[in-house]
Amino acid sequence: MSNLLPRHIAIIMDGNGRWSQENHCRHRWDGHRYGINAVRDVIKGAVEKEIETLTLFAFSKENHQRSQAEITALIKLFKECLLKETDQLAENGVKLKFVGDLKGLSTELVVLAREAEFKTRHCTKLKLNLAINYSGRWQITNTLKSIAIGCKEDTFNIDKLDEKTISDLINNDFGTEPDLMIRTGGEFRISNFILWQLAYTELYFDSKLWPDYNKYDLFEAIKNFAKRQRRFGLENAYAQSV
Ligand code: FPP
């Protein structure tokens with residue numbers, strides 16, 4: 001059996017565009033705004049279930065190829081959320097951390113993001129990672145670059161390079177590797193989300209479109225996780241405990 005409760009859950013919040021279409025919204029990106037209700041409810045659910053870390057994939061590097069109007073609407077939404085919700089997150093014990101290429105975003109958003117991290121730095125109930133302008137390959141490339149620089153400047157010995165070194169560098173951003181990864185919206189893909197860290201993560205796919213998702217759907221995924229047998233490459237669950 002698994003350890004019953006996942007310590008770290010990562011979510012690909014997919015289906016906002018389709019939700020907008022199905023609900024006759026003016027723009028395909030209006031669904032992102034409705035998706036905030038789902039974000040709030042899922043955070044509440046994660047706190048209730050005493051999940052340690054929740055990672056939400058809010059904006060990928062590839063999303064930069066969308067229309068300027070959609071990108072502008074999303075960035076505006078992030079800024080509004082940070083202004084409106086940070087105090088409440090702090091009151092509820094949620095510690096915010098932004099992961100991704102923040103250099104590629106507007107200075108105003110970066111300032112708000114850093115302020116929100118600062119305001120919530122002492123919170124201990126839930127660690128909330130928001131992946132913005134993030135992609136798994138980007139993170140792996142960055143990690144390899146930092147190792148290459150270390151070798152060039154003689155601060156890192158290439159003979160010491162092993163999987164643990166890479167994991168430690170990558171996990172530095174997210175804290176731990178996810179035990180459970182959920183994707184909503186009915187697609188069965190990873191879409192360049194966390195890659196290295198998913199090696200032994202349990203995957204769960206939900207057909208609901210993100211704005212319709214709520215904490216009870218999250219509880220279903222957690223219940224399903226509890227039935228999984230995590231083997232980490234060993235013969236059976238028993239082998240883990242001997
Ligand atoms: C994918 O749906 C979703 C996104 C690209 C953005 C998700 C962002 C939010 C829900 C806002 C989160 C905000 C904070 C502050 C955490 P899609 O547009 O690809 O949907 P589709 O597959 O139906 O086209």
Side-chain angles (χ1 to χ4, degrees), residues 9-47 53-90 92 94-102 104-106 108-117 119-120 126-136 174 181-193 205-215 217-218:
I9 301 178
I11 307 184
I12 301 181
M13 307 178 286
D14 194 24
N16 296 343
R18 279 165 286 159
W19 189 94
S20 306
Q21 251 180 344
E22 282 179 16
N23 290 276
H24 312 290
C25 294
R26 190 139 172 245
H27 309 290
R28 79 172 298 286
W29 56 87
D30 290 338
H32 302 318
R33 188 165 285 279
Y34 287 93
I36 295 298
N37 296 328
V39 171
R40 271 196 215 100
D41 207 44
V42 161
I43 293 173
K44 224 191 278 170
V47 171
T53 308
L54 178 67
T55 295
L56 300 178
F57 199 13
F59 187 71
S60 72
K61 286 219 142 251
E62 290 73 23
N63 288 154
H64 265 304
Q65 288 153 28
R66 294 194 174 189
S67 73
Q68 195 50 49
E70 176 162 358
I71 296 169
T72 306
L74 253 175
I75 301 292
K76 184 165 171 257
L77 186 61
F78 295 146
K79 286 197 263 191
E80 272 176 37
C81 281
L82 287 172
L83 280 168
K84 274 200 222 148
E85 317 267 351
T86 302
D87 288 344
Q88 179 125 34
L89 288 173
N92 289 311
V94 180
K95 180 177 179 165
L96 264 174
K97 168 116 203 273
F98 287 83
V99 183
D101 187 7
L102 294 196
L105 298 171
S106 81
E108 207 187 337
L109 177 59
V110 177
V111 169
L112 285 173
R114 293 303 178 217
E115 274 173 9
E117 285 180 338
K119 269 191 185 168
T120 60
L126 174 73
K127 186 175 171 212
L128 176 64
N129 296 320
L130 290 181
I132 291 190
N133 207 19
Y134 170 85
S135 81
F174 286 103
M181 202 282 290
I182 301 169
R183 182 180 186 135
T184 64
E187 311 277 8
F188 302 92
R189 305 190 271 270
I190 305 298
S191 298
N192 206 2
F193 190 28
F205 298 93
D206 195 309
S207 60
K208 268 202 179 176
L209 304 177
W210 179 252
D212 291 328
Y213 200 77
N214 60 47
K215 66 178 184 180
D217 300 310
L218 177 76

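Note that ligands are numbered from 1 as they come in the structure, with each ligand's atoms numbered from 1 the same way. Quantities reported herein were computed from a predicted structural model and do not represent experimental measurements. Because only heavy atoms are used, hydrogens play no part in the values below, and waters and symmetry mates are left out as well, while side chains stay in.
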Set out, in order, the CA-CA distance, both residues' side-chain angles and the distance that settles side-chain contact (heavy atoms from CB on, under 4.5 Å) for Met181 and Ile190, then state yes or no. CA-CA 9 Å; Met181 202 282 290; Ile190 305 298; 3.8 Å; yes

Short version for Glu187: what comes under 4.0 Å of ligand 1, heavy atoms counted, is neither

For Arg18, take its heavy atoms, then give the atoms of ligand 1 lying under 4.0 Å from any of them. 21 (P), 22 (O), 23 (O)

Region of Trp19 engaging ligand 1 - heavy atom pairs below 4.0 Å: neither

Which is closest to atom 8 (C) of ligand 1 by heavy-atom distance: Gly35, Ala58, Gly31? Ala58

I'd like to know whether ligand 1 has Gln21 as a neighbour, heavy-atom separation below 4.0 Å. no

If you compare all heavy atoms of Gly185 against all heavy atoms of Arg18, which two are closest, and at what distance to 0.1 Å? O-NH1, 2.7 Å

At a non-hydrogen distance cut-off of under 4.0 Å, which region of Leu82 contacts ligand 1 (side chain, backbone, both, or neither)? neither

Restricting to ring pair (Phe, Tyr, Trp, His ring centres under 6.0 Å), what partner residues turn up for Tyr213, sequence neighbours left out? Trp210

Should Glu115 and Lys119 count as an ion pair when the cut-off is N to O under 4.0 Å? no

Go through ligand 1 atom by atom and flag the ones less than 4.0 Å from a non-hydrogen atom of Arg66. 5 (C), 17 (P), 18 (O), 19 (O)

Heavy atom to atom 17 (P) of ligand 1, shortest distance: which of Ile132, Asp14, Asn37, Leu128 holds it? Asp14

With a 3.5 Å cut-off and no angle check, do the side chains of Ser191 and Arg183 form a donor-acceptor pair? yes

Centre-to-centre under 6.0 Å for Phe174 and Tyr134, is that the case here? yes

